[in-house]
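Here's the structure, in structure tokens; my notes come after.
Computed over heavy atoms, backbone and side chain alike; hydrogens, waters and symmetry mates excluded. Each ligand, and each atom within it, is numbered from 1 in the order the structure gives.
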Amino acid sequence: MVSARRKLYKLVYGTRYDKVPWGQRVYVRPGERQIREAQWRLRIARTPVISLDEYRERVPLGEIEEYLSCMLCGESRQQKLFEPTGGKGWRYHVVRCPSCGFLYRNPNVRPERLGDLYANSYSKFLTGDYAENRQRRYRLVMKSFGPVFEEGRGRRLLDFGCGAGLFLELAQERGFDASGVDLSPDSVEQANARLQALPVPEGGTRARAHFGAPADIPEIAAGGFDVITLWSVLAHLPRPLDDFTGFRELLAPGGVLMILTVNARSLLLKAYGSKWSGFTKNHLMFYSSQTLPTLLRKTGFKGVAFAPHYGDTVEAGTTRLAPELRRRLEANVRRSDGGNMMRALAFADEEAIARWRDHLKIHRL
Ligand SMILES: [Zn+2]
């Protein structure tokens with residue numbers, strides 16, 4: 001099957017796109033976006049909608065897991081779509097909510113057993129090229145939201161899931177009074193060691209990381225944040241409604257919440273299905289610009305802006321794509337809302353919308 005498909009592509013496209021990196025190819029080959037979109041619609045139409053009881057009979061429950069209904073709309077029926085697998089034998093099922101289109105892992109991980117997923121520390125990823133690429137990504141995402149992240153002085157920022165402090169470092173550089181929280185004690189220790197070694201800008205405050213949930217740390221629980229950031233955290237949250245209700249309460253009037261996560265409308269997901277790079281071992285839920293607004297509306301946010309994601313090398317200007325292909329990639333990302341990552345800025349209230357509406361296209365919720 002795979003080799004037949006490869007032969008077909010060879011016939012249609014020749015060798016013209018062989019040098020285009022794998023993650024960009026589906027965006028630049030003429031006609032491929034339309035084909036993938038049509039395949040996706042067909043897949044949705046053909047996949048049976050079954051009750052949760054039927055689903056329980058078909059898909060076994062792991063020791064740390066629980067069956068879920070759709071967290072966003074309450075729908076209990078399921079469309080069984082994907083079965084990602086990976087190294088060391090992990091495997092899970094991803095379903096689509098037939099009512100609102102939300103994609104989520106089902107069975108999901110019980111919140112009290114989340115720690116089991118993170119038994120191996122992330123710390124090996126936090127230095128060298130990885131750190132530099134991450135920080136480049138943070139800068140590019142901030143840039144896509146115009147002036148919102150340019151000037152931090154006089155503004156409080158909370159980085160939720162701050163890891164080893166790579167973003168806190170940038171926030172401190174820009175003058176934010178920045179705090180982070182994380183559930184990994186090792187990461188928090190690393191973050192504070194990193195931050196201690198950095199110069200604090202004139203008139204600025206030293207960023208600091210805390211171990212635990214916001215509610216457990218008095219100075220975080222007191223709220224009053226102008227900015228909250230979720231860098232590749234959203235897909236890991238097993239109870240997003242509770243968390244977002246909490247974030248809304250932590251924001252000051254005029255506050256914003258920034259989200260970067262894998263995009264459930266990615267053209268790469270439509271092309272590669274269970275092998276999609278967004279289906280990583282620890283991801284639990286997969287959002288898009290169609291489903292995120294529901295989460296935000298239900299938790300009290302008043303507006304949202306999206307910035308299409310073209311990929312780090314394209315945005316940084318380091319891609320080797322020819323200009324014509326680059327333009328095609330950008331057009332296809334915009335047309336299908338199909339970048340591999342989704343970035344969004346949520347606005348707490350009318351004051352926040354009024355503050356940034358001249359710079360961003362804000363959809364009211
Ligand atoms: Zn739903």
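Looking at residues two or more places apart in sequence or on another chain, you find no ring-ring contact (aromatic ring centres under 6.0 Å, His included) involving F211.
The number of protein N, O or S atoms lying under 2.8 Å from the Zn ion (ligand 1) is 4.
Aromatic pair F82/Y92: ring centres not closer than 6.0 Å. Between W231 and Y138, a ring centre-to-centre spacing shorter than 6.0 Å is recorded.
Heavy-atom contacts from other residues, nucleotides or ligands closer than 6.0 Å to CZ of R153 number 12 or fewer. Other residues, nucleotides and ligands contribute at most 12 non-hydrogen atoms within 6.0 Å of the NZ atom of K302. Atom CD of Q39 sits in a crowded spot, with more than 12 heavy atoms from other residues, nucleotides or ligands closer than 6.0 Å.
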